[in-house]
Amino acid sequence: NMAAFSAQNALEGACPLTTPDQLLAQPLTADEILLDVRTLGEFAKGHAEGALHIPLDELRDSLDQVPQKTVHVYCKDGFQGYLAVRILKQNGIKADNIAGGWTSMVRCGWEEKK
């Protein structure tokens, strides 16, 4: 059921998805950023280099810290990323969720920065 919900949200544009492979294949441009919405403890264990870190629980109060760029959001496994994308889109920020979150990113070859 969760896979079907995710696919439906992506197809309807409610929460666009991108894959770690797609992002690895082409470096981020100056108009794109990575946003890590995991907890501080999760972020400290490893994260993508250059990622902006704003925990999901603080995102609504920290929208002024998010640049007006395309935001590629990741969390641990995707669900919190979905919530973050919905918050960003409701506030006029172009965003997508990285499918599978940090777990998938590491498996696809993203280097961890600690």
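Atom set for the values below is all heavy atoms of this structure, side chains included, hydrogens, waters and symmetry mates excluded. None of these values were measured; they are calculated from a predicted model.
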Is there side-chain contact between Leu34 and Leu28, with at least one heavy-atom pair below 4.5 Å?
yes
Please report the closest heavy-atom contact between Val85 and Ala95, naming both atoms and the distance.
CG1-O, 3.9 Å
Might you work through the side chain to side chain contact (heavy atoms under 4.5 Å, CB included) test for Lys45 and Arg38, ending with a clear yes or no?
CA-CA 11 Å; Lys45 290 179 184 175; Arg38 298 175 300 154; 6.0 Å; no
Could you tell me whether the side chain of Glu42 and the main chain of Thr39 form a donor-acceptor pair under 3.5 Å?
yes
Taking Tyr74 for the side chain and Ala48 for the main chain, is one N or O donor matched with an acceptor at less than 3.5 Å?
yes
Please check if the side chain of Thr103 supplies one atom and the backbone of Asp77 the other of a donor-acceptor pair under 3.5 Å.
no
Looking only at heavy atoms, the pair that brings Thr19 and Ile98 closest together is C-CG2, 4.4 Å
Does Lys69 reach the main-chain N or O of Ala30 with its side chain, forming a donor-acceptor pair under 3.5 Å?
yes
In Å, rounded to the nearest 0.5 Å, how long is the span from NZ of Lys89 to CG of Asp96?
9.0 Å
Taking C-beta and beyond as the side chain, do Ile93 and Gln68 meet within less than 4.5 Å on heavy atoms?
yes
CG of Leu56 to NZ of Lys76: how many Å apart, nearest 0.5 Å?
14.5 Å
Answer yes or no: does atom CD of Gln26 have more than 12 heavy-atom neighbours from other residues, nucleotides or ligands under 6.0 Å?
no
Are Trp110 and Pro20 packed together at the side-chain level, in the sense that at least one heavy-atom pair is separated by less than 4.5 angstrom?
yes
Below 4.5 Å, heavy atoms only, C-beta onward: do Ile33 and Thr70 meet side chain to side chain?
no
Find out if a path of hydrophobic residues (ILVMFWY) with successive side-chain heavy-atom gaps under 4.5 Å connects Ile87 to Phe79.
yes
Please tell me whether His53 and Asp36 have a donor and an acceptor in their side chains that are separated by less than 3.5 angstrom.
no
So Leu24 and Cys108, do their side chains get closer than 4.5 Å, heavy atoms only?
yes
When rounded to the nearest 0.5 angstrom, what distance separates CG in Leu59 from CZ in Arg86?
13.0 Å
Under a single-linkage definition using a 4.5 Å side-chain heavy-atom cutoff for Ile, Leu, Val, Met, Phe, Trp and Tyr, are Leu83 and Leu63 assigned to the same hydrophobic cluster?
yes
Enter the distance from Gln80:CD to Asp57:CG here, rounded to the nearest 0.5 Å.
7.5 Å
Smallest separation among heavy atoms of Cys75 and Val37, with atom names
CB-CG2, 3.8 Å
Interatomic distance, Leu52 atom CG to Ile54 atom CD1 [nearest 0.5 angstrom]:
4.0 Å
Answer whether the closest heavy-atom distance between the side chains of Leu23 and Thr18 falls below 4.5 Å.
yes
Is the backbone N or O of Gly78 less than 3.5 Å from a side-chain atom of Asn97, with the two atoms forming a donor-acceptor pair by type?
yes
I'd like to check Val66 versus Leu88 (side-chain heavy atoms, cut-off strictly below 4.5 Å). Are they in contact?
yes
Do the non-hydrogen side-chain atoms of Lys94 and Val71 ever get within less than 4.5 Å of each other?
no
Regarding Ser62 and Glu58, is there a side-chain donor-to-acceptor distance under 3.5 Å anywhere?
no
